[in-house]
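First up is the structure itself, then whatever we jot down about it.
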Amino acid sequence: MTTLVLVLGDQLSPTVAALRAANRTDAVVLIAEVAAEAGYVRHHKKKLAFVFAAMRHHAAALTADGWRVDYVRLDDPENRDSLTAEASRAGARHRATRVLATHAGEWRVADAVERWAADAGVPVEILEDDRFICPRARFDAWAAGRKQLRLETFYREMRRETGLLMNGDRPIGGRWNFDADNRKPAAGGPRFPHPPRCDPDPVTDQVLALVENRFADHPGALHPFWFPVTRDQAGRAADHFFAHTLAHFGDFQDAMLRGEPFLAHSVLSIALNVGLLDPLDLCRRAEAAYHAGTAPLNAVEGFIRQILGWREFVRGLYWRDMPGYRDRNALGATRPLPDFYWTADTDMACVREVVGQTMAEAYAHHIQRLMVTGTFALLAGIDPIAVHEWYLAVYADAYEWVELPNTLGMSQFADGGVVASKPYAASGAYINRMSDYCRSCAYDVRARTGPRACPFNPLYWDFLVRHRGRLARNPRLGPVYRTWDRMAEDSRAAALAAAAALLARLDGGGRV
Ligand code: FAD
Ligand code: DLZ
Ligand code: SF4
């Protein structure tokens, strides 16, 4: 009797459901590097290196912990290139009499595993992935019958259920949300500590050589590679964040600064999303920092809201609304993704900085993703699937369950308002307020028209006019439309003409 335990590349927790249900005495754990997962989008080289290095280290840790692990390398000549083909091959190799799997994090993989399981020839048990704070059924029960799903309502319920930052039934500090305090620009702020750099060991060095050889045509810089790839390293990165950075997290949460990719962000999502860290544990540690007086409430509440609120909320939505969710395109956007999303070759300093940093680090923080590359794509009407595939490829923390609702929903409004109550459309003024990018830009952030006008300005008005039929009824956008209507006729015409010229340049492959 042999049980085959499937462990996928983002299931690198020693207590993942399938391992908990198995027994070291009769189990073989299959971990497989496969071309299909490496290539379903053109993943950034650092992301590939991270996933493979973390998988190899996890296999070694499980072996040390007494598990029999069958690790299939990408360069194994027998490798059959897909997770299900490797599961079949391993099933036959080990004469498996049953298979245990933890539900995959992406619909695409979950569907393939389910279809494979139906005729695997042996019983296949697919267990819920319980490494989240809110079980899927709990989210569905919360969502059932609600006309609108709003983060704030869900988040409050999660606060009550976990007791995080609660004083009985009341939120500590008397408010649920300290977002309004979290909008300081970073220029002139404190020095922001760099997240700790983990030097590659020989295992990671081998992976780096593999990625260098096999994925030379994938985007992004492989070196320097410094991400944590073991639980110990991820734990140390978290320790560093709680000791040195969390206290500033709130104040500068929305800020952007040239040459400062990380500011006061934790950069923990990369390790968290493969299971090297635990979400509830991170929330409890943040709460403990508040009680110990080492971080203020606005920072701690902001951090907890991202994990307990947003991360759980988007995951619940993803599973509730897939597979149809991926095809949504409420604003009918069809333009191809401009090349500068890959090359950073643009005169827009903000986009250049964020794409350049993304290609270097496979990381950008939330506001960079949302309000720079995201907002530009939204205003320019880029096909949401192209935008989605870009985010999925270039960020080391990107898995569809978290990336898709953030990109297609929050950032591109392609779900018509499920994740976000209004589109994150903004003119250049927002970027200018929250960053120092505009100071080094070829464009003038204050100009609305003319050759030097910041592209975000005419595109912002053009976007609102293009989608007036759908958006004017949104109470939060009413005042914006009233401002537009009050503008002089010639100013409005000039803004629309500037937008048309810009979009024509974009379509013609001209420089923007
Ligand atoms: P911090 O700012 O330190 O936040 C702490 C933690 O909160 C993060 O580690 C993350 O786990 C969680 N978190 C914060 N915001 C969100 C959010 N909106 N949704 C879910 N979790 C959140 N996050 C991903 O993990 N993977 C993605 O593929 C991803 N794609 C995104 C695409 C777009 C267009 C946008 C706007 C956001 C996306 N996010 C994604 C959310 C967010 O940008 C990242 O979680 C965050 O930037 C990760 O960096 P950090 O660890 O330094 O986060
Ligand atoms: C992201 C990724 C990559 C690049 N490679 C692998 C792999 O070779 N083997 C594997 O099991 N998982 C990989 N992953 C993670 C999977 O894509 C992930 O399990 C799915 O996104 C489903 O959550
Ligand atoms: Fe970006 Fe416009 Fe500022 Fe240039 S002026 S950095 S394009 S917001």
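Counting starts at 1 for both ligands and their atoms, in listed order. As a basis for the values below, the full set of heavy atoms in this structure was taken, side chains included, without hydrogen atoms, waters or symmetry mates.
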Run the ring-centre check on Phe192 versus Phe252 and record whether the distance is less than 6.0 Å. yes
Aromatic rings His43 and Tyr40: how do their planes relate, parallel, tilted or perpendicular, breaks at 30° and 60°? perpendicular
Consider every N or O of Lys47 and every N or O of ligand 2, then say whether any pair is closer than 3.5 Å. no
Which is it for Pro279 and ligand 1 at heavy atoms under 4.0 Å: side chain, backbone, both or neither? neither
Of the choices Arg305, Arg369, Glu400, Gln368, which has the non-hydrogen atom that lies closest to atom 29 (C) of ligand 1? Arg369
If you have a sec, work out which protein heavy atom is nearest atom 6 (C) of ligand 1 and how many Å separate them, to one decimal? Ile307 CG1, 3.6 Å
With under 30° as parallel and over 60° as perpendicular, where do the rings of Phe313 and Phe154 fit, or are they tilted in between? tilted
Nearest protein heavy atom with distance in Å, relative to atom 42 (C) of ligand 1: His366 ND1, 3.4 Å
To check your reading of the model: name the closest protein heavy atom to atom 10 (C) of ligand 2, its residue, and the distance in Å. Gly9 N, 3.4 Å
Are there over 12 heavy-atom neighbours, none belonging to Asp111, within less than 6.0 Å of that residue's CG? yes
Decide whether the shortest distance between a heavy atom of Pro405 and an atom of ligand 1 is less than 4.0 Å. no
The one among Ser266, Ser269, Gly374 that brings a heavy atom closest to atom 1 (P) of ligand 1: Ser266
Under a 4.0 angstrom heavy-atom cut-off, which atoms of ligand 2 come close to Leu83? 9 (N), 10 (C), 11 (O)
So, is Leu8 polar-close to ligand 2, with some N/O to N/O distance under 3.5 Å? no
Got an N/O contact under 3.5 Å between Glu106 and ligand 2? yes
So, does Met55 sit close enough to ligand 2 that a heavy atom of it is under 4.0 Å from the ligand? yes
Any idea which of Leu378, Leu263, Asp397 brings a heavy atom closest to atom 26 (N) of ligand 1? Asp397
Heavy atom of Phe262 under 4.0 Å from ligand 1? no
Nearest-0.5 Å distance that lies between atom CZ in Arg231 and atom CG in Leu277: 7.5 Å
Counting only heavy atoms, tell me which of His365, Met371, Arg311, Gln412 gets closest to atom 21 (N) of ligand 1. Arg311
Option set Val267, Leu246, Leu272, criterion heavy-atom distance to atom 50 (P) of ligand 1, minimum: Val267
Atom 4 (Fe) of ligand 3 neighbourhood, protein N/O/S only, threshold under 2.8 Å: Cys441 SG
Who's the nearest protein heavy-atom neighbour of atom 25 (O) of ligand 1, and how far? Asn273 ND2, 2.8 Å
Result of checking Val207, Val229, Ile31 against Met55 for side-chain contact (heavy atoms from CB on, under 4.5 Å): Ile31
Sub-4.0 Å heavy-atom approach of Trp401 to ligand 2: no
Val402 N/O to ligand 1 N/O under 3.5 Å: no
Is Val34 in polar range of ligand 2, meaning some N or O pair under 3.5 Å apart? yes
If you compare Tyr424, Phe241, Tyr391 by their heavy atoms, the one closest to atom 34 (C) of ligand 1 turns out to be Tyr391
In terms of residue, atom name and distance, what is the protein heavy atom nearest to atom 15 (N) of ligand 1? Gln306 OE1, 3.3 Å
Residue part near ligand 1, for Phe303, under 4.0 Å between non-hydrogen atoms: side chain
With a 6.0 Å cut-off on the ring centroids, do Phe132 and Trp401 count as close? yes
Geometric N/O contact Glu37 with ligand 2, under 3.5 angstrom: yes
